[in-house]
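Given the structure is predicted, the values throughout are model-derived calculations rather than measurements. Indexing begins at 1, ligand by ligand and atom by atom, following the structure's order.
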Amino acid sequence: MLTIVSSSEIEKKQVEMLVIPVCEDADILPPAFMPELMHQARGLKEFNGADNEDIVFYAPSGVLAAQVMIIGLGKKDKLDGEILRKACGRAVKKCIQKEISEAVFVVPFIDVLSIEPDAILEAMVEGALLGNYQFDRFKKPKHPSLLKIAFVVSEKSVQHARLLSKKIKIICDGTLLAREWVITPSNLKRPEQFAWSLVKMAEKEKLKTEVLDHTALKKKKFGALLAVAAGSDANATMVILEHDPGNTTQTLALVGKGVTFDSGGINLKPQGSIEDMKMDMAGAAAVAATMITAARLKLPVRLIGVLPLVENMPSGSATRPGDIVKSFSGKTIEINNTDAEGRLILADALSYVIQTYKPDAVVDLATLTGACVVALGEKIAGVFSPDDRMSETLIASSRKTFERCWKMPLPEDYKDLLKSEFADICNITGSKWGGAITAALFLSEFTENTRWMHIDIAGPAYVKKETAYCGVGGTGFGVRLLCDWLEKAAGLSF
Ligand code: BES
Ligand code: MN
Ligand code: ZN
């Protein structure tokens, strides 16, 4: 449970744990705030308020809280949203370890910070809510998550903070939904099974839903998508979600790569590359969670979410390297590597959504290439778009949410690398270089003249080691980013 309390209430309140952020070189709380305790903390040698430091006081005098944790944020001028997000994530995790059930965070409420007050609260709530999540479907976590998280703000901002925190909570819930789907093992999210669980959730939020099953996909000639699914005994499925608030002039389409397991197919992945490939549907998870979040937030923009869901497996019926298929668009594709499967399902999904809904813009999210991880590392997504205006607004959202993105090029002449002797296009190049770019260029061949942006999230979609506000597994990357971007797009400024 998330609540907002006013500073005057907190001094009279019995709480289990009060968390107070401090900077090492400036006061960010009013001088009248718990003066005795703050004086005591300042006198300690082992705590200076540096980023990453913390100290706990038990039964401190002059305060009703049973424990107080003071968390360091470092230097005031260096303070930003991500430092706050991380500090709150870490504080929550410490509280969990201490088996505390309720933590109350003090939000810095004097005007000495260069960050906007809304951004401070946003970052703190995000860090705390996301850090409090533990995946518990198959075993009980060592210590339970917090039951109650509260934030203390000044009397005059209580009302605004309540509204804002409601919105942040909805967006964090969306992020956690995506995390949960990505962590779920592939045996429990086969394409049809995953499709129906998505549809059930979406219907609860009053999204319009449509499911194209194997028969429908065959009838509509989704040749590229079906080629990827051919080796699996699980049927390919495509889910289409629609958020239509009415009275809108623009339609945006979101497409998410939904490979529920990527073995590589006949080009089987080696040990070391195959283990975490249950995460290859993180694009679809982010898009579905964003659609659900958009509905909950009643975003005033019409959205179409398209989720091509397949399992990429080797078998007697699998697509062979060298096979040529006809895509939904009519273009023929020579599949020279069955492990370059994401672009095949996205090609058909992009063509379909463009032809069927004629959206004003399309954004796709995909764990598309290892090459993108080589280029940008595990924490930054690659953005590819011929439309600078659209990608710049996204990158602005990425700065705010700290779901980091970096714009990559789409050089026209590299398209030559995708030429095929026998078909319109080949799904891989003969070169080992520039794989993230050529994958994006492949997709661009299926976007007609629609405004389009591709986000390669192969790096940041999954973490193998826990971070300040995320456990091992799916990160939910893309949900906070897209929600922020869509909020702006709803103002039609993208
Ligand atoms: N799903 C993988 C990309 C990936 C790699 C995601 C690492 C997350 C972490 C994708 O389908 C793939 O296999 N890409 C190949 C493309 C190659 C065959 C041209 C790759 O990146 O090696
Ligand atoms: Mn692959
Ligand atoms: Zn893949």
Side-chain angles (χ1 to χ4, degrees), residues 178 182-183 186 189 191 224-225 227-232 236 255-286 307-314 318-323 333-349 364-382 384 408 414 417-418 420 425-443 454-465 472-475 477-478:
V182 175
I183 298 181
S186 299
K189 58 177 179 198
L225 179 120
V228 177
S232 170
V255 179
K257 171 176 171 181
V259 178
T260 63
F261 185 71
D262 181 13
S263 71
I266 297 296
N267 293 98
L268 193 63
K269 284 182 183 293
Q271 200 168 41
S273 302
I274 201 168
E275 289 70 17
D276 295 324
M277 280 303 140
K278 67 173 182 183
M279 59 77 95
D280 214 17
M281 38 56 79
L307 315 162
L309 306 175
V310 297
E311 191 180 58
N312 186 23
M313 296 292 265
T319 295
R320 294 149 288 257
D323 283 2
I333 305 173
E334 183 178 3
I335 301 175
N336 274 341
N337 190 321
T338 60
D339 198 11
E341 84 298 339
R343 65 197 76 186
L344 297 172
I345 68 168
L346 290 173
D348 276 359
D364 77 76
L365 262 83
T367 47
L368 202 61
T369 65
C372 199
V373 193
V374 173
L376 298 172
E378 290 179 292
K379 297 179 175 178
I380 303 176
F384 301 79
M408 301 282 277
Y414 283 25
L417 296 165
L418 291 163
S420 158
I425 193 167
C426 191
N427 80 327
I428 54 158
T429 69
S431 164
K432 63 176 182 177
W433 309 116
I437 296 172
T438 46
L441 285 168
F442 180 93
L443 298 182
H454 158 60
I455 311 176
D456 193 332
I457 59 169
Y462 199 83
V463 285
K464 283 195 183 144
K465 254 174 71 186
V472 175
T475 58
F477 186 99

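Annotation: ligand 1 has protein neighbours K257, D262, K269, M277, M279, D280, N337, D339, E341, R343, T367, L368, T369, G370, I428, A458, each with a heavy atom less than 4.0 angstrom from the ligand.
For the side-chain hydrogen bond (donor to acceptor under 3.5 Å, both in side chains) with E311, the qualifying choice from S232, S263, S186 is S232, the only one to do so. With N312 as reference, D262 is the one residue of T338, D280, D262 to meet the side-chain hydrogen bond (donor to acceptor under 3.5 Å, both in side chains) rule. With respect to P191, the side-chain contact (heavy atoms from CB on, under 4.5 Å) criterion is satisfied by exactly one of L307, V259, L309: L309.
Within the model, atoms CG of L418 and CG of N336 stand 11.0 Å from one another, a figure rounded to the nearest 0.5 Å. Going from atom CD1 of I457 over to atom CD1 of I380 covers 14.5 Å, rounded to the nearest 0.5 Å. For the atom pair CG (N337) and OG1 (T429), the distance works out to 10.0 Å, reported to the nearest 0.5 Å. Distance check, rounded to the nearest 0.5 Å: CE of M279 to CE of M277 gives 5.5 Å.
In summary, L368 places no N/O/S atom under 2.8 Å from the Zn ion (ligand 3), failing the contact criterion. Because the distance cut-off is set at 2.8 Å, D280 qualifies as a neighbour of the Zn ion (ligand 3) through one of its N, O or S atoms.
Shown here is K379, whose NZ atom has no more than 12 heavy atoms of other residues, nucleotides or ligands within 6.0 Å.
Neighbouring protein atoms of the Mn ion (ligand 2) (N, O or S, distance under 2.8 Å, waters ignored): D262 OD2, D339 O, D339 OD1, E341 OE1.
The Zn ion (ligand 3) sits nearest to atom OD2 when only the N, O or S atoms of D262 are considered. Here the N, O or S atom of E341 that is nearest to the Zn ion (ligand 3) is OE2.
With respect to K257 and E341, a salt bridge is recorded, a charged nitrogen being found less than 4.0 Å from a carboxylate O.
Of the possible polar contacts, none joining the D339 side chain to the K269 backbone as a donor-acceptor pair under 3.5 Å is found.
Minimum interatomic distance between I266 and T319 (heavy atoms only, all atoms of both residues): CG1-O, 3.4 Å.
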